[in-house]
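Here is the structure we will look at.
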Amino acid sequence: NIPMWEGADSFTTVRGKHTLAVGADGRQWVQNRNLNADFLGTPGFRSDLILRNGGVGQVDPKGCSTPYCGTGNSIADFLLGYYNDTGIYQPGPFSKAGEVGNTNRYHFKYFAAYVQDDWKVTPRLTFNMGLRWDFRTVPFEADNKMGWQDLSNPDGGLCIADPGLLTKGIAPAGSMYRYCGRRNPVDASKKVFAPRFGFAYRPWGEKTVIRGGYGVFFDSAEGREIDNSGDIYPYSVRSNITPATQPVESAPKLTDQLYPPYAALAPVSPAKLTFIAVIISERPRNPYVQQWSFSIQRELFK
């Protein structure tokens, strides 16, 4: 759900050959996203793999006699619990007690103002000239759970928005997390000017009209492209497990003890960071398009 408020107003006046219009539009909203809904896991079963003692890719069309092998038939493997891989969202050390999953609350603001002049230069020529300023903030997460790629770390890592992780045993010095001193990757660009220009001209009486126009139109990206930005360790763990990554005693058979717990506080590591599908860009930019047109229209007969 997305709580939102909006305020907008516009004003138009005619002054001789000029029709002037000004206006503004302001919005503020919070996008609540909780993707941690896969609580039971999503195991996959493949008939082309037969796994021996946690090994990968050992194909044996005649079957396998050891206790840790698949059957070579995906339906049979499903019934017996011999999985190929599985993923799941799990609670992390900082998961909120009593809250199912991991709700992220991304805050957005938008403000745009415009001015336009439709100038009737002569009865045969009209100019349309306008300028819009289309400003959008870079979102932040209400509880500072956001993370993004740390370009200063040559070995890979994330910038984190919560300085508390530095003193709570999650991100000690030298870890793959670094507090980057802010709640989001960058400040929003203020160079978001969108000019508009158009004209209409009748050079030879009433039957022929030449028209043209050009404009810049900004858009926003405020949904799926930041989905997992707050689903990082220690707020959530997205495990991706294969028989090769689990102990021989349990792999590749599904059990109720398949997924290792992540409730204890511990420094972040590649194993705990696990898998992130979609995260906010470290260099977010507003998309825009340029559009232009030119046409000549002629009335052939009434």
Side-chain angles (χ1 to χ4, degrees), residues 1-31 33 106-140 148 151 182-227 229 278 280-302:
N1 59 344
I2 303 179
M4 173 184 283
W5 68 260
E6 179 179 9
D9 200 4
S10 60
F11 173 76
T12 302
T13 182
V14 179
R15 290 290 185 269
K17 297 182 178 182
H18 296 267
T19 300
L20 300 172
V22 295
D25 182 8
R27 306 171 207 166
Q28 180 173 316
W29 66 98
V30 180
Q31 183 188 59
R33 295 287 284 172
Y106 299 120
H107 286 245
F108 296 83
K109 290 183 180 180
Y110 168 80
F111 179 78
Y114 70 88
V115 58
Q116 179 164 317
D117 181 13
D118 295 335
W119 176 23
K120 197 170 185 64
V121 183
T122 70
R124 296 180 179 276
L125 177 62
T126 300
F127 284 131
N128 313 103
M129 298 169 290
L131 182 65
R132 184 180 183 91
W133 189 66
D134 238 29
F135 178 74
R136 295 165 174 83
T137 59
V138 177
F140 65 88
W148 58 93
L151 298 179
R182 53 184 306 121
R183 308 184 76 180
N184 51 17
V186 296
D187 293 329
S189 172
K190 296 180 175 64
K191 299 178 181 179
V192 284
F193 296 99
R196 316 286 167 82
F197 172 77
F199 73 92
Y201 179 50
R202 293 179 295 178
W204 310 293
E206 303 296 322
K207 293 187 176 183
T208 301
V209 181
I210 302 174
R211 290 187 174 94
Y214 169 81
V216 175
F217 302 86
F218 279 92
D219 199 354
S220 59
E222 55 208 38
R224 296 305 305 274
E225 79 291 340
I226 66 170
D227 263 349
S229 302
V278 184
I280 189 170
S281 170
E282 65 279 5
R283 295 170 177 167
R285 298 180 182 179
N286 291 326
Y288 70 91
V289 297
Q290 300 184 69
Q291 180 175 323
W292 59 90
S293 64
F294 179 81
S295 66
I296 300 176
Q297 296 174 306
R298 171 72 178 179
E299 179 184 315
L300 302 179
F301 47 82
K302 289 187 180 299

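- Of all heavy-atom pairs between Gly26 and Phe111, the closest is CA-CD1, 4.1 Å.
- Evaluation of the salt bridge (Lys or Arg N to Asp or Glu O under 4.0 Å) test over residues 21-30, restricted to residues two or more places apart or in two chains, returns Glu6-Arg27, Asp25-Arg27.
- Scanning for ring-ring contact (aromatic ring centres under 6.0 Å, His included) contacts around Tyr110 gives an empty result, with sequence neighbours left out.
- Heavy atoms of other residues, nucleotides or ligands lying less than 6.0 angstrom from CH2 of Trp292 number 12 at most.
- Aromatic ring orientation, Trp119 versus Phe127: tilted (interplanar angle from 30° to 60°).
- Between Ile280 and Pro139, the closest heavy-atom pair is CD1-CG, 4.2 Å.
- Under the ring-ring contact (aromatic ring centres under 6.0 Å, His included) criterion, Phe218 pairs with Tyr288, sequence neighbours left out.
- For Phe199, there are no ring-ring contact (aromatic ring centres under 6.0 Å, His included) partners two or more places apart in sequence or in a different chain.
- No side-chain heavy atom of Val289 sits under 4.5 Å from any side-chain heavy atom of Asp219.
- The side-chain hydrogen bond (donor to acceptor under 3.5 Å, both in side chains) check on Ser220 picks up Glu222, with sequence neighbours excluded.
- Taking every heavy atom of both residues into account, Ser10 and Tyr114 meet most closely at CB-OH, 3.4 Å.
- A pairwise comparison of heavy atoms in Ala21 and Thr12 identifies CB-OG1, 3.8 Å as the closest pair.
- Proximity of Asn286 to Ser189: side-chain heavy atoms (C-beta onward) are nowhere separated by under 4.5 Å.
- Across Ile226 and Tyr106, no two heavy atoms sit closer than the pair O-OH, 3.3 Å.
- Partners of Thr13 by side-chain hydrogen bond (donor to acceptor under 3.5 Å, both in side chains), not counting sequence neighbours, listed by chain and number: Arg15.
- The distance from atom CZ of Phe140 to atom CZ of Phe108, rounded to the nearest 0.5 Å, is 10.0 Å.
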Would you tabulate the side-chain donor-acceptor contacts of residues 294-302 under 3.5 Å, counting partners in other chains and residues two or more places apart, or write 'none'?
residue: Gln297; atom: OE1; partner: Arg211; partner atom: NH1; Å: 2.1
residue: Arg298; atom: NH1; partner: Thr208; partner atom: OG1; Å: 2.7

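- Smallest separation of non-hydrogen atoms from Glu282 and Val186: O-CG1, 3.9 Å.
- With contacts defined as side-chain heavy-atom distances shorter than 4.5 Å, the pair Trp148/Pro284 does not qualify.
- Residue pairs meeting the salt bridge (Lys or Arg N to Asp or Glu O under 4.0 Å) criterion with at least one partner in residues 114-132, sequence neighbours excluded, are Arg132-Asp134.
- Looking at Arg136 and Val192, their side chains never come closer than 4.5 Å, going by heavy atoms from C-beta outward.
- Sorted by first and then second residue, the salt bridge (Lys or Arg N to Asp or Glu O under 4.0 Å) pairs with a member in residues 182-205 read Arg182-Asp187, Arg202-Glu206; sequence neighbours excluded.
- Residues forming a side chain to side chain contact (heavy atoms under 4.5 Å, CB included) with Lys109 (at least two apart in sequence, or on another chain): Gln28, Thr137.
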